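A short write-up of the structure that comes next.
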Amino acid sequence: MAVRVTTEAFDPGAELNAFLEASNGAGAAATFTGVVRSDPQDPISALTLECYPELAVNQLTAIVEQARHRFSLLAATIIHRYGTLAPGEPIVQVMTLSPHRQAAFEGAEFLMDYLKTDAPFWKQETGPQGTSWVQAKSEDDKAKARWE
Amino acid sequence: MAVRVTTEAFDPGAELNAFLEASNGAGAAATFTGVVRSDPQDPISALTLECYPELAVNQLTAIVEQARHRFSLLAATIIHRYGTLAPGEPIVQVMTLSPHRQAAFEGAEFLMDYLKTDAPFWKQETGPQGTSWVQAKSEDDKAKARWE
Amino acid sequence: MKILYFAWLRERLNRAEEEVSPPDEIGTIAQLIDWLASRDEAFAHATQKRALIKAAVDAKLVGHDAPVRGASTVAFFPPMTGG
Amino acid sequence: MKILYFAWLRERLNRAEEEVSPPDEIGTIAQLIDWLASRDEAFAHATQKRALIKAAVDAKLVGHDAPVRGASTVAFFPPMTGG
């Protein structure tokens with residue numbers, strides 16, 4: 001399955017190995033793993049991701065198809081978690097497979113840039129000051145715009 | 001250890017998990033895994049990498065230090081195998097860790113681009129037509145030149 | 001027609017979903033927002049900055065000019081912050 | 001001084017290493033290549049395209065103008081193809 005939207009924890013290394021297992025002689029795999037960040041100066045105790053799963057699967061599937069075409073990828077996978085996560089837990093992993101490293105890297109960056117702005121997840125941080133919604137970043141819109 | 005040059009097989013997923021384990025609240029990890037490619041139209045039975053290990057460790061350590069500075073990476077690791085490998089076996093893995101995805105991706109691309117031209121490994125392919133040395137590619141020089 | 005709300009929009013309205021029956025003249029997302037705002041002050045207040053309100057019709061992301069007639073589910077939510 | 005050879009250079013010379021004692025006037029990698037070529041036809045032939053010959057002194061990558069006096073190990077090899 002190229003897209004998985006789940007409340008269950010996933011194992012980044014096991015996912016990478018399963019992805020490579022199916023690589024069939026392709027040469028280059030790029031992986032991005034996003035984990036719950038906690039700045040030591042401004043620590044959080046939890047990150048809660050709200051999700052609209054049906055729309056998320058539709059959006060991520062469309063993004064994966066677009067990336068496969070645009071970068072001639074042999075395979076691409078997105079795993080995205082939602083629910084309440086602790087610092088250090090993996091949130092998202094994208095993996096791309098190509099005969100050449102440039103396409104693998106570009107495909108993974110493209111997937112991440114699109115996913116940040118176009119996938120229906122909403123982050124809420126819980127810290128010493130309470131709970132607050134993470135604001136959408138204009139950098140993320142800019143990162144996405146470079147592919148247009 | 002940020003650099004490992006070895007004849008022993010490595011487990012890409014286990015390496016990624018160990019790297020993430022030490023991530024300490026950073027948000028973004030980029031990984032590149034290179035595996036022995038075998039084009040179905042032009043299959044190979046083995047890839048042999050010759051290496052000058054002492055120089056390889058020196059060069060890769062210098063590249064890692066450069067990448068850590070240039071992209072403010074929190075961590076960076078290169079694992080590079082040599083000896084005789086079968087199609088599908090991992091040759092190289094680079095991993096970078098940063099608070100932000102852009103730096104993680106750029107750091108990993110930089111490491112791969114430098115490693116292709118500046119690390120003392122030489123590839124030899126064995127296929128139906130016998131054994132031949134892989135030629136250095138001008139694309140690899142160009143890929144490296146974009147960082148200069 | 002089922003309406004879904006997510007994130008701070010859900011919190012401000014104090015509900016995750018509701019059933020509504022917009023009149024026939026409501027043809028687009030923009031008109032549906034206007035109509036929902038006309039009957040609910042909390043909704044009117046929360047959706048004042050229209051650029052911050054994204055929409056989906058039957059689990060497809062759409063613009064505010066998209067048609068809503070015949071839709072079974074319409075979702076409203078703030079800008080997404082995944083990844 | 002120990003000389004190491006790698007990849008097709010090693011194959012063409014039919015040896016991975018050798019011990020040499022260059023005379024005092026050999027100061028740089030370029031001069032060392034010239035001197036090795038003057039005493040060995042196989043080496044002269046294999047290193048004809050100088051741009052294809054890379055060098056390291058005591059496990060540090062260097063250019064052809066680098067000094068070699070006092071080096072304990074000098075390595076010669078073709079362009080690298082790792083990754």
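For clarity, every value in this text was computed on a predicted model and none was experimentally measured.
For residues 93-111 of chain A, a heavy-atom distance under 4.5 Å to chain B picks out A/Q93, A/P99, A/H100, A/R101, A/Q102, A/F105, A/A108, A/E109, given by residue number. For residues 11-22 of chain A, the interface with chain B (any heavy-atom pair closer than 4.5 Å) comprises A/D11, A/P12, A/G13, A/A14, A/L16, A/N17, A/L20, sorted by residue number. Within residues 115-146 of chain B, the residues that have a heavy atom under 4.5 Å from a heavy atom of chain A are B/K116, B/D140, B/A143, B/R146, listed by number.
For residues 50-66 of chain A, the salt bridge (charged side-chain N to carboxylate O under 4.0 Å, His left out) pairs, not counting sequence neighbours, are A/E50-C/R10.
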